[in-house]
Novice: 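Can you read through this structure? Questions will come right after.
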Amino acid sequence: MNLAEQSAALLMGLAIFLGLIRMMAGPTNPDRLVAADTLTVITTVALTGFAALFASPLYLDVALIYGVLSFVGMVALARAIEGNRS
Amino acid sequence: MRNLTTLLFAAGLGFLLLVLAAGLPYGHPPMLVGQGILQQAPATTGAANIVTSVVLAYRGLDTLGELSILFAAAAGAGLVLGGHRRRRRPDPDGGFILIAGADLMFPLLLVVGLYVILHGHLTPGGGFQGGVILAAAFFLPLLGRPREALDHTAISWIEGLAGAAFIAIGLWALFARGDFLAPMLGKGVLGQLFSAGTLPLLYAAVGLKVGAELSGLLADLAATEARDP
Amino acid sequence: MYWMVLLVLFVTITAALAVLLAPNLLAAVAASSVVSLALSVLFVILRAPDVALTEAAVGAGLSGVILALALRRLGLWGLGDDNRPAPAEGSGDA
Amino acid sequence: MTPPPIEFLLYGGALALVALGLAGLVMARHLFRSILALGILEAGANLLLVLAGYRAGGVAPILTPGTLGQPMVDPVPQALVLTAIVIGVGVQALALALALRVHQAYGTLDVAEVRGRMEADTDAAAGLEPETSRDLPAVERPS
């Protein structure tokens with residue numbers, strides 16, 4: 001790995017740590033949901049980075065599907081948290 | 001006390017499994033079957049994705065069994081939830097952003113799902129994953145407007161026809177070649193969209209069936225009565 | 001590669017612990033979607049893009065949707081502020 | 001102190017997931033949480049199966065122009081796990097539907113409470129006297 005890839009991995013590791021801390025400690029449920037959503041976005045970027053690292057475009061499909069479907073899952077969870085308030 | 005025993009049991013089981021796993025070879029699997037499949041699969045089935053040729057050609061009967069298990073699970077869940085489909089008080093509509101966003105995302109999700117299904121023999125993905133994406137696509141507008149319902153008759157027709165198509169392709173191969181689900185229709189050029197014979201057709205049937213089943217399941221789950229805490 | 005595997009495994013185990021010990025069920029569902037996310041990255045590292053795609057589609061999309069719908073139907077959707085007492089039923093700890 | 005080899009980490013992580021899922025499955029007092037623990041157990045088993053087919057230095061088992069002739073990882077466990085994940089979500093949906101029905105029938109999902117009410121119901125259906133408690137000393141039990 002060259003310097004750019006190493007620094008990208010380091011930054012993503014830091015971001016994952018921050019999101020994980022918020023997910024474990026977050027005082028309310030919306031905090032935890034937003035932290036989980038942040039983690040999914042970081043993961044999408046990480047999957048793209050792995051595609052670059054392995055020099056294979058096959059892994060880009062995984063990132064695409066992940067990015068699209070985590071949106072649906074998070075919207076469903078957000079609807080669940082909304083309750084019966086209209 | 002019971003919790004302590006359980007923890008001890010789980011830790012002991014983990015340790016035992018770890019001791020067993022220490023004897024497993026890592027990085028050098030004793031892959032006799034896998035090696036043979038890797039060598040002859042492209043010539044036999046014509047699919048670039050070898051996992052697809054394992055799922056649909058070498059283990060096609062297994063996939064049929066999996067489809068029936070999934071059908072049984074979805075039918076069982078629909079049966080269990082069945083009598084309570086009518087709701088006294090439906091959920092309120094989502095906000096403007098959710099409705100507009102769902103309408104925008106719907107065709108994109110549809111295109112992504114069909115791409116994943118149709119390119120199942122070339123890139124990662126296939127009928128199961130594409131079916132899941134199709135189910136999510138049809139569920140997303142329902143999340144914004146909970147009062148609208150999916151057409152359950154159409155879903156059952158699609159599901160039944162797709163399952164029948166899978167079995168019909170298998171029976172055709174049985175009568176023409178003597179093997180159930182044997183690859184038919186020639187192999188084509190490796191790596192092109194129209195290649196690998198009947199495998200894309202089989203994956204299309206699987207995708208439609210899985211998508212119809214899962215969206216029916218999601219609609220059933222969404223239509224059961226909400227309960228106040 | 002070694003440190004990446006270590007980090008992803010750390011995320012997986014932490015999120016699995018959070019599923020079992022989270023104060024309420026909605027946090028547990030969010031943590032279980034994080035488990036499947038980290039697992040998908042592990043499958044990519046192990047060179048299994050098909051499995052990673054399935055895990056991403058099922059774990060991130062469908063499983064989250066099903067669990068969220070079930071939570072909604074069970075009426076366990078309290079906001080779960082740690083300062084206020086959560087609804088009695090949603091706070092069943094492991 | 002040398003860091004442990006990478007295979008120890010991977011196998012240990014997968015087995016830790018299995019053990020955690022098992023412990024949660026047995027210890028959970030809420031039915032919903034035991035369904036989530038079942039998902040973790042399943043994830044650990046899937047990871048273990050994919051690990052068994054990994055080959056060091058191999059590429060993904062998909063033929064592209066750049067990877068012809070290189071060693072590939074074993075495709076058979078991957079096909080197996082692909083099947084297992086999809087079946088797992090079907091099982092999860094069925095379990096959740098059953099849990100919803102239990103909640104509609106008894107109004108709670110606490111395991112001990114549901115079990116107590118089910119035993120009371122079966123006793124009533126069989127025409128037996130309801131058993132007060134098994135934990136009481138034998139003298140105080142109605143004989």
Side-chain angles (χ1 to χ4, degrees), chain A residues 1 6 9-10 12-14 16-17 19-21 23-44 46-47 49-51 53-54 56-84, chain C residues 1 3-4 7-8 10-11 14-15 17-18 21-34 36-38 40-41 43-45 47 49-73 75-84 86:
Chain A
M1 293 203 297
Q6 275 174 350
L10 185 69
M12 262 182 262
L14 278 180
I16 285 176
F17 259 114
L20 214 57
I21 287 172
M23 198 192 76
M24 299 297 282
T28 60
N29 266 339
D31 289 333
R32 294 194 176 93
L33 274 192
V34 171
D37 194 25
T38 315
L39 282 177
T40 63
V41 174
I42 298 170
T43 307
T44 313
L47 288 174
F50 276 118
L53 196 60
F54 297 159
S56 163
L58 296 174
Y59 300 96
L60 284 179
D61 280 10
V62 185
L64 171 71
I65 306 300
Y66 199 90
V68 165
L69 275 189
S70 68
F71 167 76
V72 179
M74 282 300 154
V75 166
L77 275 174
R79 274 294 267 179
I81 215 176
E82 197 182 31
N84 272 348
Chain C
M1 194 50 76
W3 292 106
M4 281 187 217
L7 176 69
V8 178
F10 175 74
V11 173
T14 315
L17 277 176
L21 303 176
N24 61 40
L25 287 173
L26 208 115
V29 171
S32 84
S33 98
V34 173
S36 83
L37 161 167
S40 166
V41 176
F43 286 144
V44 164
I45 292 178
R47 306 294 198 283
D50 265 296
V51 184
L53 193 57
T54 318
E55 181 72 39
V58 167
L62 199 68
S63 185
V65 172
I66 288 178
L67 289 170
L69 279 176
L71 268 187
R72 181 96 173 78
R73 296 306 154 217
L76 301 179
W77 42 265
L79 280 180
D81 196 335
D82 281 357
N83 299 322
R84 274 180 296 157

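In what follows, chains are A, B, ... by sequence order, proteins preceding strands, each numbered from 1.
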Novice: What's the separation between atom CE in A:M24 and atom CG in C:L21, rounded to the nearest 0.5 Å?
Specialist: 7.5 Å

Novice: What part of A:L53 is in contact with chain C, defined as an atom under 4.5 angstrom from a non-hydrogen atom: side chain, backbone, both or neither?
Specialist: side chain

Novice: Rounded to the nearest 0.5 Å, what separates atom CD1 in A:I21 from atom CD1 in A:I16?
Specialist: 12.5 Å

Novice: Sort A:L77 into side chain, backbone, both or neither according to what part of it lies under 4.5 angstrom from a heavy atom of chain C.
Specialist: both

Novice: If you look only at distance, which donor and acceptor atoms sit under 3.5 Å apart when one is on a side chain in residues 53-63 of chain C and the other is two or more places apart or in another chain?
Specialist:
unit_1 : atom_1 : unit_2 : atom_2 : d
C:T54  : OG1    : B:Q129 : NE2    : 2.8
C:T54  : OG1    : C:D50  : O      : 2.8
C:S63  : OG     : D:Q92  : OE1    : 2.9

Novice: Could you report the tightest heavy-atom contact between C:S32 and C:L67, atom names first, then the distance?
Specialist: OG-CD1, 4.1 Å

Novice: With sequence neighbours left out, what residues match C:F43 under ring pair (Phe, Tyr, Trp, His ring centres under 6.0 Å)?
Specialist: none

Novice: For chain A, which of C:P49, C:G64, C:A31 has the most heavy-atom pairs under 4.5 Å?
Specialist: C:P49

Novice: So how far is it from A:L33 CG to A:T28 OG1, rounded to the nearest 0.5 Å?
Specialist: 9.0 Å

Novice: Are any side-chain N or O atoms of C:N24 and backbone N or O atoms of C:A27, one a donor and one an acceptor, separated by less than 3.5 Å?
Specialist: yes

Novice: Would C:S40 and A:T43 count as a side chain to side chain contact (heavy atoms under 4.5 Å, CB included) here? Give the steps.
Specialist: CA-CA 9 Å; C:S40 166; A:T43 307; 5.9 Å; no

Novice: What part of A:A46 gets within 4.5 angstrom of chain C, counting heavy atoms only: side chain, backbone, both, or neither?
Specialist: neither

Novice: Rounded to the nearest 0.5 Å, what's the gap from CG on A:D37 to CD1 on A:I42? Could you check?
Specialist: 10.0 Å

Novice: Counting heavy-atom pairs under 4.5 Å with chain A, which one of C:V11, C:V65, C:V44 comes out on top?
Specialist: C:V44

Novice: Is chain C contacted by the side chain of A:M74, its backbone, both, or neither, given a heavy-atom distance below 4.5 Å?
Specialist: side chain

Novice: Is A:L39 in contact with chain C via its backbone, its side chain, both, or neither, using a 4.5 Å heavy-atom distance?
Specialist: both

Novice: Between C:I66, C:V29, C:T14, which shows the greatest number of heavy-atom pairs under 4.5 Å with chain A?
Specialist: C:T14

Novice: Top residue by heavy-atom pair count (under 4.5 Å) with chain A, among C:A18, C:A68, C:A52?
Specialist: C:A68

Novice: Work out which heavy atom in C:M4 is nearest to a heavy atom in A:A9; give both atom names and the distance.
Specialist: CE-CB, 4.1 Å

Novice: Is chain A contacted by the side chain of C:V34, its backbone, both, or neither, given a heavy-atom distance below 4.5 Å?
Specialist: side chain

Novice: Please classify the contact between C:L37 and chain A as side chain, backbone, both or neither, with a heavy-atom cut-off of under 4.5 Å.
Specialist: both

Novice: Applying ring pair (Phe, Tyr, Trp, His ring centres under 6.0 Å), name anything that partners A:F17, two or more places apart in sequence or on another chain.
Specialist: C:F10

Novice: Please list, in residue-number order, every residue in residues 65-72 of chain A that has a heavy atom less than 4.5 Å from any heavy atom of chain C; write 'none' if there are none.
Specialist: A:I65, A:Y66, A:L69, A:S70, A:V72

